[in-house]
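Written below as structure tokens is the structure these notes are about.
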Amino acid sequence: MKTQFENTRRLQNKVAIITGGGTGIGEAISRKFAREGAKVVVNGLPGDPIDDVVSAILDDGGEAIPFAGDISDDKNARACVEAAVKSYGRLDVLINNAGVLVVGAKTDDTPVEKLDEQIRCNVRSAFLMTKCALPHLRKTRGNIISAGSEAGMNGEVRATSYGGTDGSLDAFMAGVAV
């Protein structure tokens, strides 16, 4: 009898892109999807440890490729999706996980440059990846999952700009779903 933690291969032959896949939650998603049978494109910024994540997946018998690039740039977002389709012939899942958090700053203490960075990383990257992936996901009846936090629904006094970008992402994805 299998436990809930055993490998079930539910994602066998599926292809997934995980943005922000080199560390933290993104790394965990990348590894779990590969254990479940998905072929994974692990995205991260140049310098992120995406090659280490891909190596670990390959060592565990999974399939994965790295894609180093800032996906808040439209050329990189398009190239990331194209890498998945070129390497594996399809796209089934997009995980918009890339993001940045400015902790400990109230609104009047947040430099506008940090707000711009959060908008670029948390909203623009998800928009561009979704836009580029949708034609392929429609063909496979695929899925998009965008990671967020309570700050996007409830607000956080010391992370107002982060909450604002997460709330924007939530509203954007609700519109895409419709």
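Because the structure is a prediction, the values reported are computed rather than measured.
Within the 4.5 Å cutoff, the side chain of Cys80 has heavy atoms near those of the Val41 side chain. Counting only heavy atoms from C-beta outward, the side chains of Ile25 and Asn97 approach each other to under 4.5 Å. Put simply, the side chain of Leu137 does not reach to within 4.5 Å of the side chain of Asn143, judged on heavy atoms. Within the 4.5 Å cutoff, the side chain of Ile17 has heavy atoms near those of the Val81 side chain.
If you take CG on Leu101 and NZ on Lys114, they are separated by 10.5 Å, rounding to the nearest 0.5 Å. In this structure, the separation between OG1 on Thr110 and CD on Glu117 is 12.0 Å, given to the nearest 0.5 Å. Rounded to the nearest 0.5 Å, atoms OG (Ser168) and CE (Met173) are 11.5 Å apart. The line from CD1 of Ile95 to CD1 of Ile18 is 6.0 Å long, rounded to the nearest 0.5 Å. With rounding to the nearest 0.5 angstrom, the SG atom of Cys132 is 10.0 Å from the CG atom of Leu94.
Of the possible donor and acceptor atoms, one in the side chain of Asn76 sits under 3.5 Å from a partner among the backbone N and O of Asp70. A donor-acceptor contact shorter than 3.5 Å links the side chain of Asp92 to the backbone of Val15. Here the side chain of Thr107 pairs no donor or acceptor atom with the backbone of Thr160 at under 3.5 angstrom. For Asn43 (side chain) and Gly69 (main-chain N/O), a donor-acceptor pair under 3.5 Å exists by modelled atom type. Here the side chain of Glu36 pairs a donor or acceptor atom with the backbone of Arg10 at under 3.5 angstrom.
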**OP:** Under the side-chain contact (heavy atoms from CB on, under 4.5 Å) rule, what do Asn13 and Lys39 come out as? Steps first, then yes or no, please.
**Re:** CA-CA 7 Å; Asn13 299 317; Lys39 298 170 177 105; 3.6 Å; yes

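Hydrophobic clustering keeps Ile145 apart from Phe172 (ILVMFWY residues linked when any side-chain heavy atoms are closer than 4.5 Å, directly or through intermediates). Under a hydrophobic clustering in which Ile, Leu, Val, Met, Phe, Trp and Tyr are joined whenever their side-chain heavy atoms come within less than 4.5 Å, directly or via other members, Ile71 and Ile144 fall into the same cluster. Residues Leu169 and Leu134 share a hydrophobic cluster, clusters being chains of Ile/Leu/Val/Met/Phe/Trp/Tyr side chains in contact below 4.5 Å. Hydrophobic clustering keeps Val85 apart from Val42 (ILVMFWY residues linked when any side-chain heavy atoms are closer than 4.5 Å, directly or through intermediates).
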Side-chain donor-acceptor distances from residues 51-67 under 3.5 Å, at least two apart:
{"residue": "Ser55", "atom": "OG", "partner": "Asp51", "partner atom": "O", "Å": "3.0"}

Show me, pair by pair, the donor-acceptor contacts under 3.5 angstrom made by side chains of residues 124-131, not counting sequence neighbours?
{"residue": "Arg124", "atom": "NE", "partner": "Ser72", "partner atom": "O", "Å": "2.6"}
{"residue": "Ser125", "atom": "OG", "partner": "Cys121", "partner atom": "O", "Å": "2.4"}
{"residue": "Thr130", "atom": "OG1", "partner": "Asn96", "partner atom": "ND2", "Å": "3.2"}
{"residue": "Thr130", "atom": "OG1", "partner": "Ala126", "partner atom": "O", "Å": "2.7"}

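The stretch residues 133-165 participates, sequence neighbours left out, in no ring pair (Phe, Tyr, Trp, His ring centres under 6.0 Å) pair at all. For the ring pair (Phe, Tyr, Trp, His ring centres under 6.0 Å) condition, no pair includes a residue of residues 78-120, sequence neighbours left out. Here salt bridge (Lys or Arg N to Asp or Glu O under 4.0 Å) pairs that include residues 167-178, with residues two or more places apart or in two chains, number zero.
Contact detail for Ala98 and Gly20: the closest heavy-atom pair is CB-N, 3.8 Å. Closest approach of Ile50 and Gly22 over heavy atoms only: CG2-CA, 3.8 Å. Taking each heavy atom of Gly21 and Ser30 in turn, the nearest pair found is O-OG, 3.7 Å. Of all heavy-atom pairs spanning Ala133 and Leu91, the tightest one is CB-CD2, 3.7 Å.
With hydrogens and angles left out, the side-chain atoms of Gln118 and Ser161 include a donor and acceptor closer than 3.5 Å.
The side-chain hydrogen bond (donor to acceptor under 3.5 Å, both in side chains) check on Gln12 picks up Arg9, with sequence neighbours excluded.
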